[in-house]
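Worksheet for the structure shown next.
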Amino acid sequence: MSADAVPPLLVLAWGNPSRGDDALGPLLAERVQAYAARHLPPGRVEVLTDFQLHIEHALDLCGRQRVLLADAECGLAQPFAVRPLQPARGAALGSHALAPAALLQVCGDLYGQAPPTTLLGIRARQFQLGAPPSAQALADLASAWRWVRAWLRGTAPACPEPPTRVQA
Amino acid sequence: MTDPTQPGSSPATAPPAPGRRIVIDPVTRVEGHGKVTLLLDADGRVQQARLHIVELRGFEQFIVGRPYWEVPVLVQRLCGICPVSHHLAACKALDRVVGAVPVPVAAERIRRLMHYGQIVQSHALHFFYLASPDLLLGFDADVAQRHIGGVAAAYPDVARQGVLLRKFGQEVIRITAGKRVHGTGSVPGGMNRAVGRDDRDALRAQVPQMLDWAEAAVDLAERLICGLPPAYAHFGDTPAAMLSLVGPRGALELYDGTLRVREADGRIADDGWSDWRYRDLIDEAVQPWSYMKFPYRRALGPDAGWYRVGPLARLQNCDHIPTPRAEARRQAFVAAHDGRLVHAVLATHWARMIELLHGVEVVAQLLDDPAILGGPLQASGPRQRGGVGVIEAPRGTLIHEYEVGDDDLIARCNLIVSTTHNNQAMNEAVRAVARQYLDGQTLTEPLLNHIEVAIRAYDPCLSCATHALGQMPLSVTLRDARGAVLDHVRRDPSGALHRGATPHPADGPA
């Protein structure tokens with residue numbers, strides 16, 4: 001739990017692998033893990049995956065140079081969206097799940113500050129229990145993956161394009 | 001198993017006379033969904049409280065027909081807070097089916113380590129995440145801040161210690177069960193994995209810090225409870241008998257022991273009952289307004305035989321705690337109350353933190369035990385038709401019972417979880433609180449939260465008792481003696497109250 005012993009980069013991706021496009025987060029985590037093993041120095045990045053965010057993940061953020069949070073996202077018009085994330089005290093917070101901005105807020109409250117964090121949302125449309133991710137979702141993951149590799153190398157633009165929403 | 005869809009043949013409480021009805025639906029910051037109805041008499045006094053559990057209870061049914069070896073994994077889905085308790089209770093019951101009583105020493109120690117890790121993480125979650133916002137920030141504090149995030153902002157050291165204590169417990173679970181949540185380490189007959197030496201050493205290094213923080217947690221709970229305003233000194237005070245496992249010579253024992261019942265006045269009523277005889281000690285009644293069963297002591301019947309389980313019951317049912325730090329704290333708890341038994345529900349949090357300290361002490365002992373690193377892990381023997389497994393889950397006694405056919409499929413299943421044991425005790429606590437805080441016919445935010453505080457002292461987890469599907473809005477309905485709606489309040493997830501909305505369909509006349 002020592003802050004000075006952790007890898008400088010953290011990728012925390014979440015979702016349920018058994019619920020259609022919700023698997024995008026865990027699938028991205030697998031890709032990052034495999035990529036890091038082949039192309040990054042040992043100890044450069046830590047990859048975590050879970051079904052949802054928990055308060056304990058605030059401990060995992062501590063001491064990082066940069067953090068990437070990644071999740072499937074409903075309502076996106078483009079394949080993926082990237083935005084810098086700021087702490088927010090009013091964001092949803094519970095014992096079983098919490099919003100990404102609330103996670104940063106808890107981290108800041110516990111340790112004085114939260115690390116620079118980017119939120120990656122990958123377009124998702126269907127979440128049926130037992131279904132695999134859709135072909136479109138996998139294509140969107142492939143699009144996002146190019147940006148993630150650049151983020152891992154430190155060459156990614158902070159925000160390639162602002163998220164736009166699907167019209168209801 | 002009794003059929004909870006049928007009207008109760010053994011009413012746990014006498015039916016009230018016609019009066020006004022107030023419904024609070026659901027209870028927030030309880031993991032699951034509940035609804036409270038307050039039944040008023042003609043004078044506006046709370047006559048009866050009903051904690052409704054109306055969702056479908058299905059686990060005991062869909063377990064039937066599954067292979068017995070799947071059960072320890074399946075039943076973990078009963079609860080996201082204490083899956084380990086279900087995992088181990090199922091294994092203990094199925095140990096008998098596969099003839100593995102006792103399991104090998106290494107398996108017993110690793111399971112015990114897993115269980116006390118679960119006690120630590122769950123008690124930390126219950127106190128720091130769910131209860132401390134009320135106690136530290138005030139029952140009437142802004143709902144938007146009355147959560148662990150608010151505690152982190154106002155008391156960062158307290159929140160950090162709570163989060164790290166929970167994470168320590170989760171890591172104990174991970175190294176024994178394979179995962180922090182929903183692990184698979186325990187199997188009928190023993191364990192399928194030992195503890196790795198590196199994992200063991202990493203946790204051992206944290207023990208001194210965890211012991212210090214657990215002591216600080218007891219200090220905090222004691223200070224908060226003893227410092228409550230006089231009006232809260234007897235909050236939810238409901239004298240009740242106490243049921244729990246105890247170990248040799250009446251020691252506090254959370255993994256395996258015999259059943260003891262102590263009366264509300266301190267007399268031991270029953271002692272030394274083997275877990276497989278639990279049906280001789282207790283039975284279960286049902287009510288038409290709840291899917292949750294109402295256990296009661298057979299000797300006293302459904303009306304008078306209800307009892308309490310959980311930390312407050314365990315701490316006062318045992319004769320001593322077999323670890324030095326927690327035993328000193330137990331003695332201080334007893335001395336602080338001049339030796340009288342305590343039934344005020346908020347004292348549960350103090351007892352809970354003493355158990356958390358005990359849990360860390362036991363984890364420390366077991367991490368020093370070389371048996372957890374390996375050796376024979378599974379046993380087998382003559383096959384049995386069925387088995388019972390009883391364990392002290394974080395919130396109270398947990399009973400699993402199974403019958404297994406010659407085809408290895410589950411033929412019958414009965415589960416009594418801690419929330420179910422405490423069903424009537426929670427109803428009584430809610431009634432006591434409502435009688436104290438209901439003023440006239442107005443339903444206020446403080447009243448709602450006082451009721452929820454009483455329930456949370458017992459249990460943040462109604463889902464394991466009911467397996468709720470979906471969510472209901474929070475609604476409060478006031479009806480007159482004829483069932484007509486006088487007032488209705490709905491509270492949304494943000495805490496905002498809305499008056500005048502349509503009552504929830506479940507709020508119909510009794």
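Letters A, B, ... mirror the listed sequences (proteins, then strands); counts begin at 1.
- The distance from atom NE2 of A/His54 to atom CG of B/Leu125, rounded to the nearest 0.5 Å, is 10.5 Å.
- Counting non-hydrogen atoms of neighbouring residues, nucleotides and ligands closer than 6.0 angstrom, the CD atom of A/Gln113 reaches no more than 12 such neighbours.
- Closest of all the heavy-atom pairs between A/Leu110 and B/Ala159 is CD2-CB, 3.6 Å.
- The CZ atom of B/Arg160 lies 9.5 Å from the CG atom of A/Leu59; values are rounded to the nearest 0.5 Å.
- Note on B/Ala152, B/Ala202, B/Pro156: by heavy-atom pairs under 4.5 Å with chain A, the leading option is B/Ala152.
- Under a cut-off of 6.0 angstrom, the local environment of CZ in B/Arg197 is sparse, with at most 12 non-hydrogen atoms contributed by other residues, nucleotides or ligands.
- Remark: A/Gln128 pairs with A/Gln126, A/Ala131 by the side chain to side chain contact (heavy atoms under 4.5 Å, CB included) rule, at least two apart or across chains.
- The ring-ring contact (aromatic ring centres under 6.0 Å, His included) analysis of residues 125-146 of chain A, with sequence neighbours excluded, yields the pairs A/Tyr35-A/Trp145.
- The NZ atom of B/Lys167 lies 13.0 Å from the CD1 atom of A/Ile55; values are rounded to the nearest 0.5 Å.
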